[in-house]
Participant: 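Structure below; questions to follow.
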Amino acid sequence: MSEKHLFFDGCDTVALAQKYGTPLYLVSLSDIEEKVRQLKDAFTERYENTRIAYAGKAFLTKGMVRIIDRLDLCLDVVSGGELDCALQAGFPPERIEFNGNNKLPWEIDLAIKNGVGRMIIDGFHELDLIIESAKRHGYTVPVLIRLTPGVSADSHDYIVTGKKDSKFGFPIDSPALFETIERAMDSEWTNLLGFHFHIGSQLEDNKVYLDSLDIVFDLLRKLRKEKNFAPKELNIGGGFGIRYTEESNPKPFDYFFTPVMEKIENFFQQEKLPRPHVVTEPGRSLIGEAGRTLYTVGSMKEIPGLRHYVLIDGGMNDNIRPALYQAKYHVVNASKFDEEPSELYTIAGKICESGDILAKDVLLPPTKPGDILAFYSTGAYNHSMASNYNKIPIPAVVLLYQGKDELLVKRQNLEELHQNDLIPKLVQEL
Ligand code: LLP
């Protein structure tokens, strides 16, 4: 019976759907370990003075924090909430790097009070807040400054962050950049280690990294001449693309790191300067393909001559990416994994939005209510972007490891859904 089902990390996905209910996020620990090994092989094991900071925004839970810790990675956080999750799970603060384009005073304070490893400065005003907080806590903060090199990456406009017209970081030619560099160099409360840039996400071409380096190197030459400043650290961000569908063209890590590291090493050799520590900050490429989402087919609707809808028990609440970025996913019928995909279906969620379509015109074997569908590569930016719209509880996440399964996140229940709702006196007295 079970060989006709889809297996994932040694587990029968249809049995998991029965055990935990659907919608259900699955995360394969074996897959995470394998991706981290591949990245270490291509980067940290191959080049000295390098490190990896996992971008928590892709997927972060207390259990995930522990996995990142056990794999000896650093952690990039972008909010007080992500930082708190990491601290509560016991992640060493000195291995935390704090990004974000509008860090709030309390977030900066929480980070500095706990002695985080890096603050990535994203604006002039933020530096003031960092210095004030550092003084209060008597901690000289290691900082990088985030640059927007101004290259256009070939990805969806919403997930491109390194172009000049961006809310992130400083354009290389902005006067505020120079003021910020001077201030960070002069303050006894900041230790300016170097620069950070992140070009975009789901990138499949190494050229954008190389072009960005050219622009950053121009700045470094200028800084050396005018300020006698040489960076000790350079963070090149994340953004490495993954396989979503058969049309995706993801590249192995060394496709990016070999030319990038060669270019960095050449530049510093020419400048007769020691090569700075190089940091990468990937999220999606470590967790994306390690995730699958299971759904149960409810109703089916055929609009003759037009479309055959399969309606599932989840939707844009647990995966906003198709609605937000027109993202495409590979999907299979996990209950009939051994059958040929022969029918064209459109898979729609249960949310009251016509845009709640998770996959348009995909081939599946003849599908029936009660079948389990599995979406591939949902590990990144699915659970972390989930919402309660239509008052729908956020699904559970189950961790899989070589045939074993265990809850990583409980399914939200109805009580938790309204636990912060109040009925004010003003309403009671109506
Ligand atoms: N570092 C910084 C500063 C970032 O802004 C990001 C992503 C990353 C690292 C990690 O990028 P990754 O390796 O995961 O591509 N919600 C969108 C993606 C937004 C990415 C924002 N920044 C999506 O679902 O495609």
Side-chain angles (χ1 to χ4, degrees), residues 25 32 35-36 38-39 42-43 51-60 64 68 73-79 82 96-103 118-123 126 144-149 153-163 166-170 195-206 208-209 212 234-245 248 250-251 253 256-257 260 278-291 293 316 318-329 358 375 377-387:
Y25 294 113
I32 299 173
K35 289 293 181 327
V36 170
Q38 288 173 10
L39 178 55
F43 185 48
R51 70 172 192 275
I52 302 164
Y54 167 70
K57 64 187 74 101
F59 176 70
L60 201 71
M64 184 65 188
I68 293 305
L73 306 184
C74 296
L75 180 65
D76 155 42
V77 300
V78 290
S79 70
E82 286 187 0
I96 298 180
E97 331 213 332
F98 199 164
N99 262 294
N101 71 304
N102 185 22
K103 299 180 196 70
R118 298 284 180 278
M119 294 293 283
I120 323 289
I121 302 173
D122 208 290
E126 186 178 304
L144 301 181
I145 294 178
R146 178 161 177 180
L147 306 171
T148 35
D154 180 21
S155 193
H156 192 285
D157 217 31
Y158 288 5
I159 58 177
V160 166
T161 49
K163 59 181 186 175
S166 166
K167 69 173 182 146
F168 298 104
F170 296 87
F195 296 95
H196 173 291
F197 65 87
H198 171 81
I199 316 159
S201 209
Q202 185 56 16
L203 305 178
E204 293 177 345
D205 189 350
N206 59 19
V208 283
Y209 289 90
S212 299
L234 190 60
N235 185 323
I236 61 165
F240 315 109
I242 65 162
R243 178 169 301 284
Y244 279 107
T245 64
S248 312
K251 306 291 194 319
F253 288 117
F256 295 99
F257 287 102
V260 161
V278 182
V279 187
T280 186
E281 223 169 53
R284 188 194 315 266
S285 52
L286 298 184
I287 185 70
E289 290 178 32
T293 309
M316 65 192 295
D318 56 73
N319 185 358
I320 188 73
R321 300 193 70 260
L324 196 55
Y325 318 118
Q326 297 78 49
K328 302 227 174 343
Y329 282 87
L358 284 198
F375 275 65
S377 301
T378 57
Y381 306 110
N382 273 228
H383 177 265
S384 64
M385 294 177 81
S387 84

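First listed ligand is number 1; within each ligand, the first listed atom is number 1. All residue numbers in this chain count up from 1 along the given sequence. Here the structure is a predicted model, which is why all the values come from computation and not from measurement.
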Participant: Would R51 and E97 pass as an ion pair if we require N to O under 4.0 Å?
Facilitator: yes

Participant: Short list, please: which atoms of ligand 1 are under 4.0 Å from a heavy atom of R146?
Facilitator: 3 (C)

Participant: Please tell me if the side chains of R118 and H196 come closer than 4.5 Å, counting only heavy atoms from C-beta onward.
Facilitator: no

Participant: Taking side chain to side chain contact (heavy atoms under 4.5 Å, CB included) as the definition, give me every residue that meets it alongside A55, ordered by chain and number, with sequence neighbours left out.
Facilitator: K57, D76

Participant: Of the backbone atoms (N, CA, C, O) and the side-chain heavy atoms from C-beta on, which set of F168 has a member under 4.0 Å from an atom of ligand 1: side chain, backbone, both, or neither?
Facilitator: neither

Participant: Check whether S285 reaches the backbone of G241 with its side chain - one donor and one acceptor, N or O, closer than 3.5 Å.
Facilitator: no

Participant: Is there a donor-acceptor pair under 3.5 Å between the side chain of T245 and the backbone N or O of Y329?
Facilitator: no

Participant: The criterion is side chain to side chain contact (heavy atoms under 4.5 Å, CB included); which residues satisfy it with S377, sequence neighbours excluded?
Facilitator: I242, Y244, E289

Participant: Would you say E281 has any N or O atom under 3.5 Å from an N or O of ligand 1, going by distance alone?
Facilitator: yes

Participant: Purely on distance, is any nitrogen or oxygen of S201 under 3.5 Å from one on ligand 1?
Facilitator: yes

Participant: Measuring centre to centre across the rings, with the benzene-like ring taken for any Trp, is F257 within less than 6.0 Å of F240?
Facilitator: yes

Participant: For ligand 1, indicate whether the residue A55 contacts it via side chain, backbone, both or neither (heavy-atom separation under 4.0 Å).
Facilitator: side chain

Participant: Using a 4.0 Å cutoff against the non-hydrogen atoms of R321, which atoms of ligand 1 qualify?
Facilitator: 23 (C), 24 (O), 25 (O)

Participant: Relative to atom 25 (O) of ligand 1, which among M385, H198, R284 owns the nearest non-hydrogen atom?
Facilitator: R284

Participant: Counting from 1, what ligand 1 atoms have a heavy atom of P282 closer than 4.0 Å?
Facilitator: 13 (O)

Participant: By number and element, which atoms of ligand 1 are closer than 4.0 Å to a non-hydrogen atom of H196?
Facilitator: 3 (C)

Participant: Can you tell me if G239 contacts ligand 1 (heavy atom of the residue under 4.0 Å from the ligand)?
Facilitator: yes

